[in-house]
Enquirer: 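Handing you a structure now.
We use all heavy atoms of the structure for the numbers below, so side chains are in, but hydrogens, waters and symmetry mates are not.
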Amino acid sequence: MKTESSKIKILICDDLQNIIDYFSMIIQSDPALELVGTAHSANEAIALSEAKSPDIVLMDIQMENGEAGILATKQIKEKNPKIKVIIVTVHEEDALLFKAFSAGAEDYIIKTQPQETILQSIHDVYHNQLALRPEIAAKLREEFIRLQKKQSSLMYTINLVSHLTNAEFEILRMLYAGMSRREISKKRFVELTTINTQVAKILSKMECNSTKELLRTLKELNIFTYIDQIPK
């Protein structure tokens, strides 16, 4: 049996007072939990997390803007990694949940879920008893972050590729396929110096210092697979 001093400290963050009242009622129904504060905005959530040091923050994913809860989660976890965050949402929106887990959230609950399910999530997160072991959840978050960074790099690189001329694009594709500059010059029936000049322009537009660096980046992103899938 938990003593008063060992209760699980909960902070509720939501911009709607009726939601805060609802979750407050749920928290107060469990003698093992203690409500230490409520916040109505991301900034207030960050400030109260620092002041109250809750064990768990119930964080609305969308407050003053569509991703306020995600940004607050990231800052809270950076300042105090021991604080655990459970995202509270209305709908299971994959893109937002992806960002929330990338920011460090441990779990998420739907606002309309039964009281028992909400309480179970709180206890499971606090005791590291999620369906996925904590170390697996941590690896998944790392993978989420890696994929998110890759997606950003992919979109940025495709944008750079879009600024190439048709001739530059075809030369880039040949380099990607493993052809040498001399082989490309013969295939395109132009002088090697012309190919060298065009490759230099490609490197400048793609913001790379060498052909080796450029090809390594393109292969890591598997760039032409994505480009070839774009409808003509």
Enquirer: Closer than 4.0 angstrom, basic N to acidic O: yes or no for D60 and K111?
Expert: yes
Enquirer: Enter the distance from Q120:CD to I109:CD1 here, rounded to the nearest 0.5 Å.
Expert: 12.0 Å
Enquirer: Taking atom types as modelled, is there a side-chain donor on Q115 or S29 under 3.5 Å from an acceptor on the other?
Expert: yes
Enquirer: Quick check on the hydrophobic clustering: are L58 and Y22 connected, directly or via other members, by side-chain heavy-atom contacts under 4.5 Å?
Expert: yes
Enquirer: Is the side chain of Q75 donor-acceptor paired with the backbone N or O of A72 at a distance under 3.5 Å, no angle test?
Expert: no
Enquirer: Check whether any side-chain heavy atom of I110 sits under 4.5 Å from a side-chain heavy atom of Y108, and report yes or no.
Expert: yes
Enquirer: Under a 3.5 Å distance rule, please check whether S185 uses its side chain to pair with a backbone N or O of R182 as donor and acceptor.
Expert: yes
Enquirer: Kindly compute the distance separating CG (N65) from CE (M63), expressed to the nearest 0.5 Å.
Expert: 8.5 Å
Enquirer: Compare every heavy atom of I56 with every heavy atom of Y126, then report the nearest pair and how far apart it is.
Expert: CB-CD1, 3.8 Å
Enquirer: Can you name the residues that form a salt bridge (Lys or Arg N to Asp or Glu O under 4.0 Å) with K79, not counting sequence neighbours?
Expert: E50
Enquirer: Under a single-linkage definition using a 4.5 Å side-chain heavy-atom cutoff for Ile, Leu, Val, Met, Phe, Trp and Tyr, are L175 and L160 assigned to the same hydrophobic cluster?
Expert: yes
Enquirer: Counting heavy atoms not belonging to K74, are there more than 12 under 6.0 Å from its NZ?
Expert: no
Enquirer: Could you go through K82 and D55, starting from their C-alpha distance and side-chain angles, then the distance that decides it, and tell me whether this counts as side chain to side chain contact (heavy atoms under 4.5 Å, CB included)?
Expert: CA-CA 7 Å; K82 292 183 179 179; D55 297 304; over 6 Å; no
Enquirer: So, S121 side chain and T117 main chain: donor-acceptor pair closer than 3.5 Å or not?
Expert: no
Enquirer: If only side-chain N and O atoms count, and only distance matters, is there a donor-acceptor pair under 3.5 Å linking E170 with N166?
Expert: no
Enquirer: Run the numbers on Q62 and I70 for side chain to side chain contact (heavy atoms under 4.5 Å, CB included), then give the verdict.
Expert: CA-CA 8 Å; Q62 297 175 312; I70 295 170; over 6 Å; no
Enquirer: What residues, two or more places apart in sequence or in another chain, satisfy salt bridge (Lys or Arg N to Asp or Glu O under 4.0 Å) together with E67?
Expert: K99
Enquirer: So R181 and I171, do their side chains get closer than 4.5 Å, heavy atoms only?
Expert: no
Enquirer: Taking atom NZ of K187 and atom CD of E183, what is their separation to the nearest 0.5 Å?
Expert: 10.0 Å
Enquirer: So which atom in T38 and which in S24 form the shortest heavy-atom distance, rounded to 0.1 Å?
Expert: CG2-OG, 4.3 Å
Enquirer: Atom CD of Q198 and atom CG of L164: how far apart are they, to the nearest 0.5 Å?
Expert: 11.0 Å
Enquirer: Begin with the C-alpha distance, continue with both residues' side-chain angles, and end with the deciding distance and a verdict on side chain to side chain contact (heavy atoms under 4.5 Å, CB included) for I202 and L214.
Expert: CA-CA 9 Å; I202 292 170; L214 173 58; 3.9 Å; yes
Enquirer: Go through the side-chain N and O atoms of H40 and Q17 and say whether any donor and acceptor fall under 3.5 Å apart.
Expert: yes
Enquirer: Using every non-hydrogen atom in the two residues, find where M59 and A45 come nearest and quote the distance to one decimal.
Expert: CE-CB, 4.0 Å
Enquirer: Using side-chain heavy atoms (C-beta onward) and a distance below 4.5 Å, is V88 in contact with I61?
Expert: no
Enquirer: Under the criterion side chain to side chain contact (heavy atoms under 4.5 Å, CB included), I'd like the reasoning laid out for E44 against S41: C-alpha separation, chi angles, the key distance, then a yes or no.
Expert: CA-CA 5 Å; E44 194 177 356; S41 70; 3.4 Å; yes
Enquirer: Salt bridge check, K77 against E106: does any charged N sit closer than 4.0 Å to a carboxylate O?
Expert: yes
Enquirer: Between E64 and A42, is there a donor-acceptor pair closer than 3.5 Å when you use the side chain of the first and the backbone of the second?
Expert: yes
Enquirer: Do I76 and L71 belong together in a cluster built from hydrophobic side chains that touch within less than 4.5 Å?
Expert: no
Enquirer: Does atom NZ (K205) have a neighbourhood of more than 12 heavy atoms from anything else shown, all under 6.0 Å?
Expert: yes
Enquirer: Do the side chains of D30 and H123 get nearer than 4.5 Å, heavy atoms only?
Expert: yes
Enquirer: I122 versus I27: any side-chain heavy-atom pair under 4.5 Å?
Expert: yes
Enquirer: Might you point out which heavy atoms bring L11 and V36 nearest each other, and give the distance in Å?
Expert: N-CG2, 4.3 Å
Enquirer: Just by modelled atom types, is the T165 backbone N or O under 3.5 Å from a matching donor or acceptor in the E168 side chain?
Expert: yes
Enquirer: Can you name the nearest heavy-atom pair linking Y176 to N222, along with the distance?
Expert: OH-OD1, 3.8 Å
Enquirer: Any side-chain heavy atom of F169 within less than 4.5 Å of one from V161?
Expert: yes
Enquirer: Are L35 and L16 connected, step by step, through hydrophobic side chains (Ile, Leu, Val, Met, Phe, Trp, Tyr) whose heavy atoms are closer than 4.5 Å?
Expert: yes
Enquirer: Which distance, rounded to the nearest 0.5 Å, do you find between the CG of L218 and the CD of E213?
Expert: 10.0 Å
Enquirer: Are the side chains of L119 and L33 in touch, meaning some heavy atoms are under 4.5 Å apart?
Expert: yes
Enquirer: Do M25 and I86 belong together in a cluster built from hydrophobic side chains that touch within less than 4.5 Å?
Expert: yes
Enquirer: Please report the interatomic distance CG(L48) to SG(C13), rounded to the nearest 0.5 Å.
Expert: 7.0 Å
Enquirer: Hey, does I10 have a side-chain heavy atom less than 4.5 Å from the side chain of I8?
Expert: yes
Enquirer: How far apart are the closest heavy atoms of V57 and S49, and which atoms are they?
Expert: CG2-OG, 3.8 Å
